[in-house]
Amino acid sequence: MSRYADFYRQSIDQRDAFWAEQSRLIDWHTPPRQVCDYSNPPFANWFVGGTTNLCHNAVDRHLAQRATQPALVAISTETETERSYTYAELHAEVQRMAAVLQSLGVKKGDRVLIYMPMIAEAAFAMLACVRIGALHSVVFGGFASGSLASRIEDAGPVAVISADAGSRGGKVVPYKPLLDEAIALSSHKPAAVLMVNRGMAPMHLQPGRDHDWTALRAQHLDTTVPCEWVEATHPSYTLYTSGTTGKPKGVQRDTGGYAVALAASMKHIFDAKAGDVYFATSDIGWVVGHSYIIYGPLIAGMTTIMYEGLPTRPDAGVWWSIVEKYQVTHMFSAPTAVRVLKKQDPAYLAKYNVKSLKALWLAGEPLDEPTAQWISNALQVPIIDNYWQTETGWPILTLANGVEPQTARFGSPGKAMYGYGVKLVDEATGEELTAPHQKGVVAIEGPLPPGCMQTVWRDDARFVNTYWKSIPGRLIYSTFDWGIRDADGYHFILGRTDDVINVAGHRLGTREIEESISAHPNIAEVAVVGIADALKGQVAIAFAVARDASGLVDDASRLRLEGEVMKQVDGQLGAVARPARVYFVTVLPKTRSGKLLRRALQAVAERRDPGDLTTMEDPAALQQVRELVGR
Ligand code: AMP
């Protein structure tokens, strides 16, 4: 057996011994009594009885040996600034933020919502929360007031931390008006709002509720705020993600299991060591940002780089200039970003020395072969696809090069990672498909390994009902992705089984977009599907029925309503969710019992064969779609 195969088998067959060994990678205040309590499946409690703290493991424990090493470098090509913090400086800033949060009444177990651009204060905020045992809930800065309001409503934060503005491609996006609107929309009202003023957009501070970070920070310059030792099972954060229904789910993560899982992934998957430099180009609003901009690299004692800006501004060489300047050893990005760079002049890449790089990891969406090939040739380092989800917190499928160097196969994110009992199962029966090359749903046999979601925030029933299926003798977790596996254990991901679409690596629920569009006064009904796109992987396309179609007489009037619908989505959900096109039809394709034929609609929109249509109510419905997309 190969070294990795052996390692993997151990993780499954001797689960507790395996994870007990991994748990030594972090500091514990009290060592755990029990490795895994799975007495109430599918709820898994990892490292029961242990107490620890994420911030201690990410910051304080490195002070003895690397106080003067850069811990965090925040680079913004939007504001043309670079700010670097050593571990000692990060420690001081996090304590100031923690003291400010305490002065605003934040206590252990409280939620703090973070709605911020990619600035160092966002990292301080996350670390400060976990330092005092509060749960952060980071909302992507690209989301607008409707998305923000539903998250405020669900998380019930005591405090919100935000900034005056973010910036993208030189365009300043003021956050405060969106935040004020979201708080007005939400029935839950946070007691305090802490604003970081970057001097980019005017802000109105509401007396009594809103506070200025700079002013409060000045009152706590020399403060010490000790880490709150929390139970391993104490939630560290919630992070919202889209599913089949319109309401986003709050993925709840623990503390001890997450710290161990990340520490283990830094060693076994990324083959990283303290002092190495990690550059993940994601955003803190996504799970990659949580695990591999903030916690993973810091737990490993690395220098982590946070980046605000586009990959192409001031030019397409900017990321490679960062790699050269900071001697980046580990880089993590998404296929869409690489496709964007591929369209630019390759000379930009040749300008910089990228020899410090050990590998480039890509995740979030399928990695197509031409993209992988191009970047592999350009960088001359291994390109490592990795597949996982907000729910799991760290890769399900990839290559554990720290255990044993393995060769990547184009089109495959690789093998089942240690700890994950990955199965391919029949969608209807849940039965395991064991022969190679059979298409099934990618599933994980319970318990999920450390670091994965504990539950859906405040909704255990939703966790059980959404993800888990009982097959004789065991419970399995569904990823909602189709996959196949070859004879050597390499997996291939074939797309989602549900109504989730993936636009440029951003996971969006089509139902959420439909609900937003339906709120437009002249939209009677709408269906949103994802269609293949050469650059973004997929884009959302909407087919809408107007309440009053009498005005839709020509292209100009249709374009006007299309523009209004797009604006509606921008304002409610944010531009990330904006459909690329809104087509107006008189009827949507439905079955005789009134069920929307989403798959058929998507197939026709992608100019594929829609398959069996015998249950369709009105064949003319798809004909309209065919004509519209064919234009
Ligand atoms: P998120 O929770 O936003 O990280 O999205 C997770 C989903 O993105 C997965 O369920 C997949 O559908 C997709 N995904 C993530 N990584 C990959 C990958 N390497 N290859 C194919 N699909 C991926």
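Atoms within a ligand are numbered from 1 in the order they appear, just like the ligands themselves. Just so it is clear, the structure is predicted and the values come from calculations on it, not from any experiment.
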Among all protein non-hydrogen atoms, which one is nearest to atom 16 (N) of ligand 1, and what is the separation to 0.1 Å? Gly364 N, 3.1 Å
Say you draw a straight line from CD1 of Ile384 to NE2 of His330; how long is it, rounded to the nearest 0.5 Å? 9.0 Å
Closest to atom 21 (C) of ligand 1 among protein heavy atoms sits Pro366 N, 3.3 Å
Keeping the roles fixed (side chain from Glu512, backbone from Ser242), state whether a donor-acceptor pair exists under 3.5 Å. no
Is a donor on one side and an acceptor on the other found under 3.5 Å between the side chain of Glu606 and the backbone of Ala532? yes
Gln389 N/O under 3.5 Å from ligand 1 N/O: yes
Six-ring centre of Trp482, Lys439 cation under 6.0 angstrom, axis tolerance 45°: yes
Can Trp388 be said to touch ligand 1, with heavy atoms closer than 4.0 Å? yes
Is ligand 1 under 4.0 Å from a heavy atom in the side chain of Thr390, in the backbone, in both, or in neither? both
For atom 18 (C) of ligand 1, grab the closest protein heavy atom and report residue, atom and distance to one decimal in Å. Glu365 O, 3.4 Å
With atom 19 (N) of ligand 1 as the reference point, say which of Leu362, Asp385, Thr479, Ile501 has the nearest heavy atom. Asp385
Going by atom types only, do Tyr237 and Tyr258 share a side-chain donor-acceptor pair under 3.5 Å? yes
What residue and atom, counting heavy atoms only, is the protein's closest point to atom 5 (O) of ligand 1, and at what distance? Arg507 CD, 3.4 Å
Sidechain-backbone polar pair: Ser150 side chain, Ser147 backbone, donor-acceptor under 3.5 Å: yes
State the atoms of ligand 1, each with its element, that fall below the 4.0 Å cut-off from a heavy-atom position in Asn386. 16 (N), 18 (C), 19 (N)
Using a 4.0 Å heavy-atom threshold (strictly under), name the region of Val288 that reaches ligand 1: side chain, backbone, both or neither. neither
Among protein heavy atoms, which lies nearest atom 12 (O) of ligand 1, and at what distance? Asp481 OD1, 2.7 Å
Measure centre to centre between the rings of Phe332 and Trp394, then say whether the value is under 6.0 Å. no
As a check for students: among Thr497, Val500, Asn502, identify the option with a heavy atom nearest to atom 8 (O) of ligand 1. Asn502
Please check if the side chain of Tyr115 supplies one atom and the backbone of Phe143 the other of a donor-acceptor pair under 3.5 Å. yes
Please check if the side chain of Asp254 supplies one atom and the backbone of Trp46 the other of a donor-acceptor pair under 3.5 Å. no
Within ligand 1, which atoms have a heavy atom of Ile493 less than 4.0 Å away? 21 (C), 22 (N)
